[in-house]
Amino acid sequence: DVKVTQSSRYLVKRTGEKVFLECVQDMDHENMFWYRQDPGLGLRLIYFSYDVKMKEKGDIPEGYSVSREKKERFSLILESASTNQTSMYLCASRLGLGATNEKLFFGSGTQLSVL
Amino acid sequence: AQTVTQSQPEMSVQEAETVTLSCTYDTSESDYYLFWYKQPPSRQMILVIRQEAYKQQNATENRFSVNFQKAAKSFSLKISDSQLGDAAMYFCAYIPYGGATNKLIFGTGTLLAVQP
C-alpha cells in the first residue's frame, strides 16, 4: 500500500524561525498536497504540486512556500513562523491525471506549535 | 467556486444504532468524485467510501453506505450498526474528474461520538 511519511509528528518552534516540514511518498505519485487542519475550518489547501518543480497556490498560501526537487519529496516551508501558523499540517499524494481508483493518500500529520 | 458543506459539526449515536451524516456540495462540473474520509484520534485519514458521479448506484462498503442525489448535490453517509471504533471526525470531499491540477476540496467535518 502507498506510504506517505511526514518527518515529524510534533514540532515546537519559536516565532520568526524558519520551519521545514518534510513529506515523502513511495509510490511515484505525480500530485502532492499540503493541507492545514484547524478546528471548525476543516482541511484547507496551502499548496500543491502536480510534477517535479511544478507548484500551484492553494486557498491559503500566504506565509508559506514549497519545494519539490524530487518526485517523492514535497517540502512545506514557513519562512518566518508566526503564532497564527500553529496548526496541524497534513501531507497527501495522488497518482495524478488518468488515475483509476481515484483517492488521496495521507501522512499522519505534523502538529506544529509556534511559541 | 466549488465548495463542500457539512452542516453538522457534531453528532452522537448509540452503539448498534444507525446515524446519517450530511454533506452538500456546489459545482458546475458533471463528472467528479465524492468521498467520505474518517479521521480517528490517531489523526490518520482513512478513506471510508468513494462515489463516482456518473454512477447512479449508491456506493456501499460493509456498514457504510451513501445516499447520492446528484441533482440536489447531496451526498450523505449512513453508518449502520454503529461501533465504538466509528467514533471519529468525518470529512466529506470532492474532486473533479480528470485534470492534472485538480485538487480535493474538503468540508469542515462532523465529529461523531458513539455512546456505549
Side-chain angles (χ1 to χ4, degrees), chain A residues 1-6 8-10 23 29-52 54-61 66 74 87-112, chain B residues 1-11 21-25 29 31-55 59 61 64 88-112:
Chain A
D1 207 3
V2 175
K3 192 166 185 182
V4 180
T5 304
Q6 293 184 231
S8 303
R9 192 156 173 84
Y10 298 95
C23 176
H29 283 179
E30 294 174 0
N31 293 174
M32 295 187 74
F33 305 79
W34 275 106
Y35 288 90
R36 172 177 170 159
Q37 182 178 0
D38 299 287
L41 298 177
L43 276 72
R44 295 178 292 166
L45 183 64
I46 304 171
Y47 265 98
F48 69 104
S49 169
Y50 50 92
D51 203 346
V52 175
M54 305 302 285
K55 61 187 179 187
E56 278 202 20
K57 293 179 180 179
D59 300 316
I60 51 164
V66 289
F74 190 37
S87 186
M88 196 12 190
Y89 291 87
L90 283 166
C91 176
S93 73
R94 163 183 178 243
L95 183 58
L97 181 63
T100 58
N101 199 25
E102 173 73 82
K103 66 181 283 189
L104 240 61
F105 297 84
F106 284 88
S108 54
T110 296
Q111 180 62 52
L112 173 67
Chain B
Q2 296 155 346
T3 58
V4 176
T5 302
Q6 293 178 251
S7 58
Q8 306 153 316
E10 295 182 15
M11 293 280 285
L21 308 184
S22 301
C23 174
T24 58
Y25 58 95
E29 303 284 342
D31 290 329
Y32 48 86
Y33 294 92
L34 294 163
F35 305 84
W36 279 98
Y37 276 89
K38 170 185 176 181
Q39 187 183 43
S42 68
R43 304 189 324 209
Q44 183 65 55
M45 294 282 273
I46 301 164
L47 178 65
V48 175
I49 202 163
R50 174 181 54 233
Q51 174 81 43
E52 289 91 336
Y54 68 88
K55 290 186 177 178
E61 288 288 342
F64 299 88
M89 181 71 85
Y90 286 82
F91 291 99
C92 179
Y94 157 96
I95 189 169
Y97 179 78
T101 60
N102 287 346
K103 53 192 179 185
L104 202 61
I105 299 168
F106 287 87
T108 52
T110 297
L111 183 61
L112 178 66

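Side chains included, hydrogens not; waters and symmetry mates left out as well; all remaining heavy atoms used. In what follows, chains are A, B, ... by sequence order, proteins preceding strands, each numbered from 1.
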I want to check something: taking the side chain as every heavy atom from C-beta on, are B/Phe35 and A/Leu104 in contact at a cut-off of under 4.5 Å?
no

task: For the residue pair B/Lys103 and A/Asp59, establish whether any side-chain heavy-atom pair is separated by less than 4.5 Å.
output: yes

When the 4.5 angstrom heavy-atom criterion is applied to B/Gln39 and chain A, the contacting part is side chain

Under 4.5 Å to a heavy atom of chain A? For B/Leu111 that would be neither

Where on A/Arg44 is there a heavy atom nearer than 4.5 Å to chain B: the side chain, the backbone, both, or neither?
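Contact with chain B: none, neither part.
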
So, the part of A/Gln37 with a heavy atom under 4.5 Å from chain B: the answer is side chain

N/O donor-acceptor pair under 3.5 Å between [X] side chain and [Y] backbone:
{"X": "B/Arg43", "Y": "A/Leu90", "result": "no"}
{"X": "B/Gln44", "Y": "A/Gly109", "result": "no"}
{"X": "A/Tyr35", "Y": "B/Phe106", "result": "no"}

Across all chains, not counting sequence neighbours, the side-chain contact (heavy atoms from CB on, under 4.5 Å) partners of A/Asp51 are A/Met54

Review point. For the atom pair CG (A/Leu43) and CG (B/Leu104), what is the distance rounded to the nearest 0.5 Å?
Key: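 Rounded to the nearest 0.5 Å, the CG-CG separation comes out at 9.0 Å.
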
Value for CD1 (B/Ile46) from CZ (A/Phe106), rounded to nearest 0.5 Å, stands at 11.5 Å

Partner set under ring-ring contact (aromatic ring centres under 6.0 Å, His included) for B/Tyr32, not counting sequence neighbours =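 For B/Tyr32, the residues satisfying ring-ring contact (aromatic ring centres under 6.0 Å, His included) (neighbours in sequence not counted) are B/Tyr25, B/Tyr94.
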
